[in-house]
Amino acid sequence: MAIAASSLFGVTSAANSVLRRSPAAASADGLRSSAGAAKASGAIEDKVEVGSLGKSLKGVAADVFASLGSKGRAHLEGMVKNGGATVEEISLGLRALATASVRERFLKERPKDAEDEELEARSKLILDAGRVKEGRVRATNDKLMAVGVQFLRGREGRPPSAEEQAAHEEEMGALRAEIESANKDYAAAVGEKPRETMASIQGRLREKGEEAYEALGFGDSEDGFLALDDERGKKALQKMVDRGLVADHWVNGLKKYAANVDIAGLEQGTYVENPRYDPASPDSKPTVAAGSAAVGADALAMLDQAAKTAAQASASKGLPSMGQVSREARDSLDAGYRTLSEKGKANGVAKGDEESIRTVFAGLDRRSLFAVASNSGRLFSKAEQEAAQNLMAEQQAEAMKKGDPKGTDKAAGFRAAVAFLDSVSDEEKASVNWAVQRAGNQLAHENLTRAQGKPSTVADSANPIARMIKKAMETGAQQGKSFESMLGSSGYVKDLKAMPLFRDGMPKITDFLDPPVNFKV
């Protein structure tokens with residue numbers, strides 16, 4: 001997960017009260033020494049050998065660096081080594097992270113007064129009423145769709161009788177009335193202009209929180225925390241993010257760090273791991289959310305097996321592992337940034353800056369682009385991932401143009417796209433996005449050839465995930481669903497669970513396995 005550095009300085013919660021400042025919290029140095037004591041007592045562990053960057057950092061920056069996962073430390077070490085950032089910039093960025101995390105903890109945990117409790121109760125009422133309304137409207141819309149589909153199918157092509165039409169309209173009218181009732185009940189519960197009311201509540205909470213935080217006297221000091229408006233820290237942190245420092249590198253470690261900082265007026269902090277990650281380490285992979293749709297649970301397991309099979313296939317061909325490809329891609333991107341800096345360009349891979357993107361990504365082959373696009377090893381920023389995804393899409397589009405150079409045979413173009421997809425690396429063919437693209441392009445080819453009265457010239461994929469998605473797409477298309485509505489977007493797909501197609505219910509993967517069950521990419 002990549003994140004804009006500016007968002008780290010936003011208020012995420014608020015409250016108020018005038019807090020007493022303890023001697024330990026009277027200065028940034030006092031706060032830093034408290035964090036250092038927590039580290040010394042084992043609250044922040046660091047079992048990884050410290051490199052030249054780690055030895056150069058001091059104070060708060062050193063403490064935060066120690067709290068990062070090993071991948072984050074290695075990434076920053078490499079960033080300095082490759083000229084992507086200076087030690088001074090890394091220090092400022094880490095101090096900015098520390099400042100933002102301590103402020104966030106204070107705003108969440110500070111004591112509440114009567115006004116806070118009243119404001120938060122009003123906010124909760126609006127949110128709860130909105131969830132109730134959304135649930136009623138969603139359920140009713142599902143019924144509307146089901147009733148409409150049943151009405152069309154139930155007559156087997158014949159026109160409806162007057163009685164059938166009247167009964168259908170009455171049923172649909174009752175459902176529309178339920179939606180109107182849900183909206184009226186919501187308005188009665190929250191009053192007029194709930195959005196403006198919520199904005200006013202959040203604005204007041206934010207104002208109170210900021211006033212109380214400023215009263216603590218957090219400010220700039222040598223090697224300590226930064227002032228909240230310190231542009232140097234913000235720019236340095238944004239540069240680190242742009243160069244591939246992702247939240248996976250620091251989210252849990254930074255929470256632990258902030259929990260051990262002594263803040264006047266607050267009890268000792270409680271470290272709660274982000275549930276997206278394995279609590280054992282900030283470097284662990286996201287865990288699969290419990291309660292995934294049962295109809296697709298076997299597909300998720302199959303994807304895991306596909307990745308293992310792909311890795312084995314690459315190893316048998318003597319190819320470097322994806323881990324090595326990812327690290328080399330990271331080094332190559334950093335070298336590209338250095339080239340941009342030498343040319344006096346600092347936009348990085350900003351969307352629309354094609355020249356800079358081509359410079360940074362120069363020399364990366366398709367497998368390396370996939371490593372970046374899929375954030376292999378969690379080494380790449382969101383901007384880098386999107387740029388790689390766009391470059392991969394351009395390659396596929398170019399293959400389609402070669403298959404249909406005059407633009408007069410779209411079926412041939414989609415056939416060429418399938419052939420191109422079948423030629424990519426084993427790792428890419430084990431990904432969700434590949435399965436979606438393979439299924440979508442084959443289905444488009446089949447629809448076009450069918451409309452022309454010709455047979456399809458594209459065989460089904462050996463990949464059962466692709467076959468499953470294609471079948472689900474066919475069913476969805478018959479129900480009038482668009483490609484975008486089934487996938488949740490028209491772009492790169494990383495997460496099978498995030499696709500509406502998955503949530504709506506896919507065919508069971510076991511229906512698409514060729515016995516014996518042996519997944520092949």
Pairs meeting criterion salt bridge (Lys or Arg N to Asp or Glu O under 4.0 Å) with involvement of residues 403-413, two or more places apart: none
Heavy atoms only: give me the nearest [X]-[Y] pair and the separation to one decimal.
X: A236; Y: L92; answer: CB-CB, 3.8 Å
X: R105; Y: I263; answer: NH1-CD1, 3.8 Å
X: L421; Y: W434; answer: O-NE1, 2.8 Å
X: G54; Y: F65; answer: CA-CE2, 3.5 Å
X: V493; Y: N433; answer: N-OD1, 2.8 Å
X: L226; Y: G233; answer: CD1-CA, 3.8 Å

Stepwise side chain to side chain contact (heavy atoms under 4.5 Å, CB included) test for N441 and F420: CA-CA 11 Å; N441 281 280; F420 173 78; over 6 Å; no
Output the distance between atom [atom1] ([X]) and atom [atom2] ([Y]), rounded to the nearest 0.5 Å.
X: N252; Y: L68; atom1: CG; atom2: CG; result: 11.5 Å
X: L333; Y: F380; atom1: CG; atom2: CZ; result: 6.0 Å
X: N260; Y: S67; atom1: CG; atom2: OG; result: 10.5 Å
X: R232; Y: R95; atom1: CZ; atom2: CZ; result: 6.5 Å
X: F370; Y: S425; atom1: CZ; atom2: OG; result: 6.0 Å
X: M79; Y: Y337; atom1: CE; atom2: OH; result: 9.0 Å

Salt bridge or not between [X] and [Y]? Use side-chain N to carboxylate O under 4.0 Å.
X: D334; Y: R330; value: yes
X: R73; Y: E77; value: no
X: R103; Y: E210; value: yes
X: K235; Y: E231; value: no

K494: partners by side-chain hydrogen bond (donor to acceptor under 3.5 Å, both in side chains), with sequence neighbours left out: Q385
Results of side-chain hydrogen bond (donor to acceptor under 3.5 Å, both in side chains) for S326 - residues two or more places apart only: S376
With sequence neighbours left out, write down each residue that passes salt bridge (Lys or Arg N to Asp or Glu O under 4.0 Å) with [X], or none if nothing qualifies.
X: E354; value: R358
X: E386; value: none
X: E398; value: none

So [Y] and [X], do their side chains get closer than 4.5 Å, heavy atoms only?
X: L94; Y: L76; value: yes
X: L369; Y: Q395; value: yes
X: R367; Y: P320; value: yes
X: V325; Y: L319; value: no

Check against side chain to side chain contact (heavy atoms under 4.5 Å, CB included), L254 and V64: CA-CA 7 Å; L254 196 64; V64 175; 3.9 Å; yes
CA sep, side-chain torsions, deciding dist, call: S461, Q442, side-chain hydrogen bond (donor to acceptor under 3.5 Å, both in side chains): CA-CA 9 Å; S461 172; Q442 180 183 351; over 6 Å; no
Short side-chain to backbone donor-acceptor contact, H445 and T457, under 3.5 Å: yes
Backbone of Y257 reached by a side-chain donor or acceptor of D63 within 3.5 Å: no
Audit row: R438, K470, side chain to side chain contact (heavy atoms under 4.5 Å, CB included) steps and yes/no: CA-CA 8 Å; R438 179 60 165 76; K470 176 175 172 286; over 6 Å; no
Verdict with reasoning, I90 to M240, per side chain to side chain contact (heavy atoms under 4.5 Å, CB included): CA-CA 7 Å; I90 298 296; M240 289 159 59; 3.8 Å; yes
